[in-house]
Amino acid sequence: MRTKHLILLLLINSLINVVYAQLSIDLTTIQGQVVDSVTLEPIPYATVLAIKENSDYTNGTTTDLDGNFSFKVHGNAEYKLDVSCIGYESSCKRILLSNAPINIGRIILRENLIQLSEVAVIARKKRIKLSSSGLMYDMKNDPLSQSDNLLFALRNVPLVTVDGNGRIQVKGSSSFSVYINGKPYRMATMDPKTVLQTIPASSISKVELITNLDASYDASVGNAVINIITEKKSLDGYNIVIDGSVTDHPETKAGVTTIITKGKFDVSLSYNHNYKREINQKSESNRDNIQDGVSISRLRVKGIGNGNYTYHTGRSMIMYNIDSLNSLYADAHLLLTGVDADVIQRRVFETDVKRYTENKTLFNTSSGTSEYNVFYQNLYKKDKSERFSLGYRYAYNPDKRNNEVTGNEYLGTFVDWDVNAKEYTHYKNETNGGLNEHTIQSDYRLPLGKRQTFRFGGKYILRNSKAVPKYFIRDDNTDGWIKNNNENDIGIMKQTQDIISSYLTYTYKKGKFGFNVGGRLEYSYNKISFKDNPQSDLTSDFLNFIPRGNVSWTLSSSSQVRIAFSSGVIRPSIWNMNPFRSQLSEFDLSYGNPDLKSERTYSTNLSYMTYNNKWFLALDLDYGYTKDAIVRYFFRDNNDPKLLVHTYGNTGKYHKFGGSFYLNYKPNNTLSFSANGTLTNNNAKSDVLDVNQNKLSYNASISCDASLPKSWLVGGRFSIFQQTPDIRTYYNHFQMYSFYVYKRFMDGNLRIGVIAEQPFNKYSKHRTTYKDYNLIEKNINYIKDRSFGINLSYSFGSGKVSNIKRNKKIQNTDLQQSTGVQ
């Protein structure tokens, strides 16, 4: 009996296997990828249907985030393959299937705008792509950004926030650099608001956000790089953008940019003017000198300032495309600045008696900055990626500071600030000089197959700077100025700095895993000499190795984990080192420290990013350490206890540990919500200043934008900040909020906006408190908050042109000061 059952089971099993095998043979796999016809970018969530001819049989699927699809149908038949997606024209093709799997390859869909109540309904195509170094945002596939300027459009890039005043942050930090087509765009790095708002977003293809920097980047390029990739167009034409804005602060801005493409030449010419006026800027200060825990004197100050600030910036850039693989780039930039300001400070110095004084300080400076670049680039023939580059840069930054101080003392019984005043001092301080910088840089990129890449290069920087301080006192007899060669006069100071550096970086990618490791070796020689005091000359040299690396693991096509390590060098600027003594009053003296050495920074980061078609989320944990931090500190003069001396020293060590988040949610093509924030514990130590302090810093912001019918855009933002404290110095938290309305006219060529900054607050109080064992100082600056402004931008042109691209390879960001035109 059991034998019969066993034989029956074997027969049934064999029959099932035969039937299953027959069914398997009858099924075949169809696979392929659906892409956009213009950008060739994958289209997610497209519908793919296989309809069997002369039959009711149909099967299909939807594409994944990479535009790929794969499904099975019965073989040995003819099918109609129907591919569709909202916002695209459908594609239909006939295929004849055998029993073998078939790969259709790319199926290209053309975009189709369907007008519903004058609102374009467009498929939410994949705009974000994660990489081992950061992410890529497809600006061309963001229809809401196409008629905006680039500054405004950056609000849509994950991890980037732009507040109502146009200030940009990346992952909650303002430490970043701006690149154009992979090359430093120094002008935009130093003044991103002014520069980026003159660039139309319609001329941008993608925005690459690099948050994991390798050794090919300068040691102090910042925490991130915003790399703007422009559209590549070749037809001749021109484009002109005129923009301007005015607020009741008051502040006015105006600019014009012309871009011309003719044959192998791309030319960009621009001019910008910015005028800002400060009216009745108020401030208060209270300083207590402490002895044995008791205040022995108090200085109370109330100030009011007025000023006019003018900036003229001219830029010219030219690109010569020698052929498809070689190009030559050159530019020239000029910045002219003028400052005409005055400050009146009324002081009450309280000891056993009260002393009333008034200081009137005049600032009148005019300076200029120039910068020139020449750059050659060679590409690989196969994929047009960069192979070799060589460039030269020259920059000149003047160091000119002038102030004139008139001090009045009120004698006898104090009645009023306009009664019983008698001039007791009248002096003038001037410093003249500047920084000349020459840089030569070369880079080479060597790919080894599809998985490995080597990059190596070198840089040489020569800096020569000079400071010439002069001190004058007023001659009461002639009413003229007499050179005052007092003990503060250190004479002419010169500084020479030579920096030689080379780097090597290696990148490996395989499947879901990728890593990058490299290092930069820097040798610097520094000499400071004093013409009138050669015994004070200083020389120093340093050899620094600066490693960087990161490891990434792609969990899925839309999520990734990364860990990165980086280090850097920040060299002190001549502003911090210049021993020129600037005494604004009998209570305050300021000078630099020529003995300063470079800061060293180290940081690690653990990050997680994930997204889908509606939201993007990023979480980070960060730890940072700064050695030999350059700290601005204060002390009382032993010979004159009421005099507070301000200077700098390598007296600090900073440890920072914290986390951050970024969330963007777009439920549809109309609305966009964003929220981000950071929380950091800051530990500052200084054995010299006997300080060990722990303080929290934070920032958080939320925003909402809505794109309405008839080309209207409205939005609002709210932010709160608690600034990172300095050693013995603390700041209050403050908040900002803004509302804006924009309207586009004339097919988007004309854009008009109205912005309200903090309309319900006339002033905000920014408080700074400094405390040590001998001194407590509290300062309040009354910053005007309420502001209403109008801005507009109009563009017109003919033909197709290449975008503005300051294709500058060379950038030096290792100084605390900037060089070249900002």
Side-chain angles (χ1 to χ4, degrees), residues 132-134 170-177 179 184 189 209-225 441 443 454-459 461 497 499-508 514-526 540-552 562-573 576 596-607 620-631 650-660 678 680-685 724 811-817:
S132 59
S133 60
V170 179
K171 296 174 66 175
S173 171
S174 300
S175 176
F176 64 88
S177 294
Y179 279 46
T189 296
L209 190 64
I210 304 172
T211 54
N212 290 329
L213 305 176
D214 60 37
S216 64
Y217 293 94
D218 280 350
S220 55
V221 72
N223 298 328
V225 168
Q441 179 174 309
D443 299 273
F454 282 97
R455 291 179 65 99
F456 51 90
K459 176 187 283 190
I461 305 173
Q497 191 175 73
I499 302 171
I500 302 174
S501 65
S502 61
Y503 77 86
L504 174 65
T505 180
Y506 170 74
T507 302
Y508 178 83
F515 77 89
N516 176 281
V517 63
R520 179 182 289 267
L521 189 65
E522 291 188 350
Y523 171 78
S524 60
Y525 171 80
N526 193 61
S540 60
D541 61 341
F542 301 95
L543 183 65
N544 295 310
F545 176 68
I546 305 166
R548 281 182 173 171
N550 65 79
V551 178
S552 64
R562 290 198 301 256
I563 185 169
F565 169 80
S566 63
S567 63
V569 175
I570 301 177
R571 297 180 177 89
S573 71
N576 302 133
L596 290 177
K597 56 184 179 181
S598 301
E599 294 183 353
R600 286 300 308 266
T601 62
Y602 308 88
S603 63
T604 58
N605 167 262
L606 175 63
S607 64
D620 285 85
L621 287 176
D622 296 277
Y623 170 75
Y625 170 64
T626 301
K627 179 183 177 183
D628 297 322
I630 298 173
V631 176
N650 295 104
T651 60
K653 295 180 181 180
Y654 296 144
H655 295 267
K656 297 183 179 181
F657 179 76
S660 63
T678 63
T680 304
N681 180 67
N682 303 274
N683 175 256
K685 293 183 179 180
T724 302
Q811 174 175 255
N812 301 323
T813 55
D814 57 306
L815 283 175
Q816 285 192 326
Q817 78 181 79

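Source: prediction; values computed, not measured. Start at 1 with the first residue, then count along the sequence.
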> Does the Ser567 side chain pair with the main chain of Pro547, one donor and one acceptor, at a distance under 3.5 Å?
Replying inline: yes
> So, are Glu522 and Arg571 salt-bridged, with charged N and O less than 4.0 Å apart?
Replying inline: yes
> Do you know which two heavy atoms are closest between Arg562 and Ser552, and how far apart they sit?
Replying inline: CG-CB, 3.5 Å
> Who passes side chain to side chain donor-acceptor pair (under 3.5 Å) against Asn682, sequence neighbours left out?
Replying inline: Ser697
>> Quick check: closest heavy atoms across Thr678 and Ser660, and the distance to 0.1 Å?
In response: CG2-CB, 3.4 Å
>> So does Gly568 get a backbone contact from the side chain of Arg600, meaning a donor-acceptor N/O pair under 3.5 Å?
In response: yes
> Are any of the side-chain heavy atoms of Tyr623 and His655 separated by less than 4.5 Å?
Replying inline: yes
> Any side-chain heavy-atom pair from Lys597 and Asn526 closer than 4.5 angstrom?
Replying inline: no
>> Taking Asn550's backbone N and O only, do any of them form a donor-acceptor pair with Asn516's side chain (distance below 3.5 Å, no angle check)?
In response: no
> After noting the C-alpha distance and the side-chain angles of Asn650 and Ile630, does the key distance pass the side-chain contact (heavy atoms from CB on, under 4.5 Å) rule?
Replying inline: CA-CA 5 Å; Asn650 295 104; Ile630 298 173; 3.5 Å; yes
>> Quick check: closest heavy atoms across Ser524 and Ile499, and the distance to 0.1 Å?
In response: CB-CG1, 4.0 Å
> Between Gly659 and Leu621, what is the shortest heavy-atom contact and its length?
Replying inline: CA-CD2, 4.3 Å
> Out of curiosity, Asp622 CG to Asn605 CG, how far, rounded to the nearest 0.5 Å?
Replying inline: 4.5 Å
> Do Thr505 and Val517 have side chains that get closer than 4.5 Å, going by heavy atoms?
Replying inline: no
> Are the side chain of Asp541 and the backbone N or O of Tyr525 linked by a donor-acceptor pair below 3.5 Å?
Replying inline: no
> When rounded to the nearest 0.5 angstrom, what is the spacing between OG in Ser501 and CG in Asn544?
Replying inline: 11.0 Å
> Ser598 and Asp628: which non-hydrogen atoms are nearest, and at how many Å?
Replying inline: O-CB, 3.9 Å
